[in-house]
Amino acid sequence: MKQQLHLIVCIAVAVLALFIPLWYAPFLLALLFVLILKKDSPHLLLMHFLIYALICLLYCLIIQSLGSQDLVNRMGALFLGTSSFTLALISSLFYGLSACLGAWCGKAIKGILEHQKH
């Protein structure tokens, strides 16, 4: 039950990070999420990477389908004719990597704080 709750909260935080206009929002929100967690999950870093990357990819594809295709095509032309899907995939991978690094830092900080308590 707790694992599903962590998953649902992680998805909600990933969606929230999309609407915070800071490039480091996924890093900070993943870091705070891991610090607040009572128990570590064995797949914590992978969970953060996959959830954030998939949410970002879905968001990019929805935004492209709603009318910003022209802008994405022009951006793709700047990068040697890269397709819009490839740009969305690259963006989502960096977004997921940022969240994964935030979760990793949160886990390390949590470990240091727990070590100092003992």
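Computation of the quantities below employed the complete heavy-atom set of this structure, encompassing side-chain atoms and omitting hydrogens, waters and symmetry-equivalent molecules.
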| remark: Connected to Leu80, directly or through other members, by ILVMFWY side-chain contacts below 4.5 Å are none
| task | Can you measure from CG (Leu44) to NE2 (His6) and round to the nearest 0.5 angstrom? | result | 9.0 Å
| task | With sequence neighbours excluded, tell me which residues meet side-chain contact (heavy atoms from CB on, under 4.5 Å) with Ser92. | result | Cys56, Leu57, Leu89
| request: List in chain and number order the residues that pass side-chain contact (heavy atoms from CB on, under 4.5 Å) with Ile62, two or more places apart in sequence or in another chain; answer none if no residue qualifies. | output: Leu58, Leu66
| field | side-chain hydrogen bond (donor to acceptor under 3.5 Å, both in side chains) partners for Thr86, two or more places apart | value | Ser83
| task | Determine, using the 4.5 Å side-chain heavy-atom cutoff (strictly less than), whether Met75 and Ile90 are members of one ILVMFWY cluster. | result | no
| Between Leu5 and Leu7, is there a shared hydrophobic cluster once you connect ILVMFWY residues whose side-chain heavy atoms come closer than 4.5 Å? | yes
| said: With clusters defined by side-chain heavy atoms of hydrophobic residues (ILVMFWY) lying less than 4.5 Å apart, directly or transitively, does Met47 cluster with Ile8? | reply: no
| Any ring pair (Phe, Tyr, Trp, His ring centres under 6.0 Å) pairs touching residues 15-38, not counting sequence neighbours? | Phe19-Tyr59, Phe33-His48
| task | Indicate if Ile20 and Leu31 have the same hydrophobic cluster label, given that clusters are the connected sets of ILVMFWY residues with side-chain heavy-atom separations under 4.5 angstrom. | result | yes
Enumerate, atom names and distances included, each donor-acceptor pair closer than 3.5 Å involving a side-chain atom of residues 93-110, sequence neighbours excluded.
from	atom 1	to	atom 2	distance (Å)
Tyr95	OH	Ala17	O	3.4
Tyr95	OH	Leu18	N	3.2
Lys110	NZ	Leu37	O	2.3

| Quick one: salt bridge (charged side-chain N to carboxylate O under 4.0 Å, His left out) pairs with a partner in residues 43-69, sequence neighbours left out? | none
| All pairs passing ring pair (Phe, Tyr, Trp, His ring centres under 6.0 Å) where residues 65-93 contributes a residue, at least two apart | none
| query | Would Leu22 and Val15 show up in the same hydrophobic cluster when neighbours are defined by side-chain heavy atoms closer than 4.5 Å? | reply | yes
| message | Under the rule for side-chain contact (heavy atoms from CB on, under 4.5 Å), what residues qualify as partners of Ala14, not counting sequence neighbours? | response | Ile51, Tyr52, Ile55
